[in-house]
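Everything on this sheet refers to the single structure shown next.
Counting convention: from 1, in listed order, for ligands and their atoms alike.
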Amino acid sequence: MGHIQLMTAALANQIAAGEVVVRPASCVKELIENSLDAGARAIQVHLREGGIAEIVVIDDGQGMDEQDAALAFRRHATSKVYEPRDLVRIRTLGFRGEALASIAAVARVRLTTRAVGAETAVRVAVDGGEMGPLEKVGAPVGTRIEVRDLFYNTPARLKYLRTVQTEQARSVEVVQQAALSRADVAFSCQTEHHVLFQTPGNGDVRAVLAALYGVGEAKQMLDVHAASNDYRVYGVIGRPTQARSSRGYAHLFVNGRPIRHPGIHQAVVQGYQNRLMVGKHPMYALYIEMDPSLVDVNVHPHKAEVRFSEEPDVTRLVSQAVATALDGTLLAATPVRARQPHVTSVQPLALDWRGARDAQAAPARPSQTPVQSDKAVREGLTEVYRPNESAPKSGLPGEARDQVVDPLAHEEPFAAVTSPHETIRDERPTEWSLRPIGQALGMYILADDGESLYIIDQHAAHERVLYEDFSQKLRDRGVFAMPLLAPLELTLPPVVFERAMEVQQELANMGLTYEPFGAQQVVVRAVPDIWQGLDVQRLAVEVFDDLKALRGDSVIEQMRQSVATRACKAAIKANWTLSQPEMEALCRSLVKCQDPFHCPHGRPIFVRMTNGELERAFRRIV
Ligand code: ADP
Ligand code: MG
């Protein structure tokens, strides 16, 4: 007797479910796709415990009759492809006919559906792949699918799930993508606690973006369109100033399908030329349309990737479309704004050397940067360079690039320096006092402590001093909430909003006071006083954004760091000429730092040459 037996359908489905259903978000995706394929105009998604406990998707699509409802959970049951030829002209989102079978194999599912024209709805429950009897019930036209206890019968997969928070974030992201993919369909997404967002379904992509990220962000974005013989590209992109530190704000759709495609993303980035700051990712919702035969959607079980037959053509068109949109707007920037590119400069905060600065009434002004070229001024390009790019790339005038204040130079990894004097020994004299001699090259303070000559990177030093000051204040609860005259209304992405609600008290302890306002908005009433004089709106957005990355036990410390480092970065924007008292104050503060040797990002603050080294260099001793 042989050992081989055919699997039961239930077992086969459970195994296959591993490919299609890896987490609640993949279920949400499949269910929404089915609703869209059914012609729904409105789709509601409810998530309980991030979708792990329950996912409910309700649509007003064409529904299923009794016969279809009975077949829908069978593997390879589909109404969307009938013959191989259909595969090359797929216009529906689903076509594999395995989503419902797979989901039903690993969860408790209940389907209630009423076909257009049918008198009643039918309801059927499928539990771990076992289908119960069909019942007739009353329900509106459309389909409601409830998926409970995902992976209850596959403990290994259940274990693989992340926290409720993470799973919810991923599920919500799927709904967001779907809402963006079909601006003509009204989506609503809610948890057991609140409605996260609702889109109007009026066909306007900006209206969707407004629902997701706030009206302010959506308004600023720029329209994109371009077409070639084979492809059409359209959508909206964020201005360089709207770029984010995560890629989660980049949305790409090919023939209506949300996809990931590093090549196209890169093409978008290229379209920004050098206008994105290092480490920032553009915000966009871009749509590419083409004949379905030019793209293969069947390369990935979740249909999340595609392959283009003529990829270079597509990427070229995308880059051009993005560049054109940006050029059009940024060239039109008003000279008034452009002429003052450096007014965002440093506002030293509550440091003891602020007094010195004020007394001198030395205006913050660029020292190293010569006068802006007329061209750069006219083009208003100054705020958008990527300063660390050494070789000028196409499109931007090289001379303008060189003049731009570099807000991020200090975030770049420190290049290894070969100078023998580079070594910084982490030791300091007991009675250490640094006497500044002067400023060199607009960025360095020369100083001596009686034993050595120091070349101090003024930005790095400033950042260190501010960082220690801020962190100390935050740790000691010495930070005061600085009430805002006009409260800030911010619309947060759903995931961020949820997180912000969870840590409301902790951030309030650091001076950032806000409360929920509507489903996804917060009103910020006060900010940490260490943000005084800075762009508090930007800082608040960044700190909220950072919440997404909170991990592990030290979340309070991570938030503290976020509040402090974001402020440091904002404060260290531009170069400025230091007066003698300012240099003295900075040196005084620096020597008191816990770590006067490294900036908060770990790069050295100064180069030191000891007297001995100098004597050797000048051959005074051998
Ligand atoms: P596929 O979408 O690949 O065809 P699924 O397993 O996702 O496979 O769905 C099987 C079939 O069930 C679909 O082809 C469709 O006919 C039907 N169906 C699923 N969801 C819905 C829905 N929300 N409204 C109407 N019909 C649906
Ligand atoms: Mg499907």
Side-chain angles (χ1 to χ4, degrees), residues 9-10 12-22 24-46 55-84 86-87 89-107 109-118 120-126 129 131 134 139-147 150 174-175 177-178 181-182 185-188 255-258 292 297-304:
N13 284 338
Q14 237 188 51
I15 292 171
E19 279 177 42
V20 182
V21 188
V22 286
S26 27
C27 263
V28 173
K29 181 167 193 287
E30 294 293 340
L31 296 177
I32 291 178
E33 288 187 355
N34 282 346
S35 296
L36 289 173
D37 284 345
R41 309 303 308 161
I43 299 175
Q44 292 177 35
V45 179
H46 301 250
I55 301 165
V56 182
V57 175
I58 305 166
D59 70 50
D60 63 351
Q62 68 189 24
M64 284 175 262
D65 63 18
E66 236 171 283
Q67 204 186 344
D68 281 353
L71 272 178
F73 291 97
R74 299 271 294 276
R75 174 159 303 275
H76 303 140
T78 179
S79 54
K80 301 169 193 174
V81 285
Y82 295 105
E83 49 180 321
D86 294 341
L87 272 181
R89 50 172 187 229
I90 287 163
R91 280 282 180 190
T92 54
L93 295 165
F95 53 84
R96 291 166 174 258
E98 51 189 14
L100 287 185
S102 300
I103 295 169
V106 292
V109 179
R110 195 165 74 158
L111 162 74
T112 310
T113 185
R114 179 171 152 202
V116 180
T120 54
V122 285
R123 172 172 290 167
V124 59
V126 190
M131 192 181 298
L134 289 183
V141 169
T143 301
R144 173 189 180 105
I145 296 193
E146 295 147 73
V147 176
L150 187 63
V174 166
V175 190
Q177 292 267 25
S181 78
R182 291 291 302 272
V185 175
F187 280 84
S188 90
N255 286 351
R257 203 182 279 284
V297 294
N298 199 12
V299 293
H300 190 269
H302 308 142
K303 297 163 284 187

For ligand 1, indicate whether the residue [X] contacts it via side chain, backbone, both or neither (heavy-atom separation under 4.0 Å).
X	result
A99	both
D59	side chain
T143	side chain

Using a 3.5 Å distance criterion without hydrogens, assess whether the side chain of [X] forms a donor-acceptor pair with backbone atoms of [Y].
X	Y	value
D59	I43	no
T143	T113	no
D60	R41	yes

Open item on the list: My understanding is that only one of I55, V126, V28, L111 makes a side chain to side chain contact (heavy atoms under 4.5 Å, CB included) with V147; could you say which?
Closed with: I55
- [ ] Please identify which atoms of ligand 1 are closer than 4.0 Å to at least one heavy atom of A72.
- [x] 10 (C), 12 (O)
Task: Close-contact set for ligand 1 against A38 heavy atoms, below 4.0 Å - done: 24 (N), 25 (C)
Task: Close approach of Q62 to ligand 1, heavy atoms, under 4.0 angstrom - done: no
Open item on the list: For ligand 1, which is the ligand I care about here, please tell me if N34 has any N or O atom under 3.5 Å from one of the ligand's N or O atoms.
Closed with: yes
Task: Polar atom proximity, I145 to ligand 1 (N or O, under 3.5 Å) - done: no
TODO: Pick, from E30, M64, E33, R144, the option with the minimum heavy-atom distance to atom 18 (N) of ligand 1.
DONE: M64
Task: Residue pair T112 / R144, side-chain donor-acceptor N/O under 3.5 Å - done: no
Open item on the list: Between H46 and I58, does the side-chain contact (heavy atoms from CB on, under 4.5 Å) criterion hold? Intermediate values first, please.
Closed with: CA-CA 9 Å; H46 301 250; I58 305 166; 4.0 Å; yes
- [ ] Would you please test I103 and E30 for side-chain contact (heavy atoms from CB on, under 4.5 Å) and show each step?
- [x] CA-CA 9 Å; I103 295 169; E30 294 293 340; 4.3 Å; yes
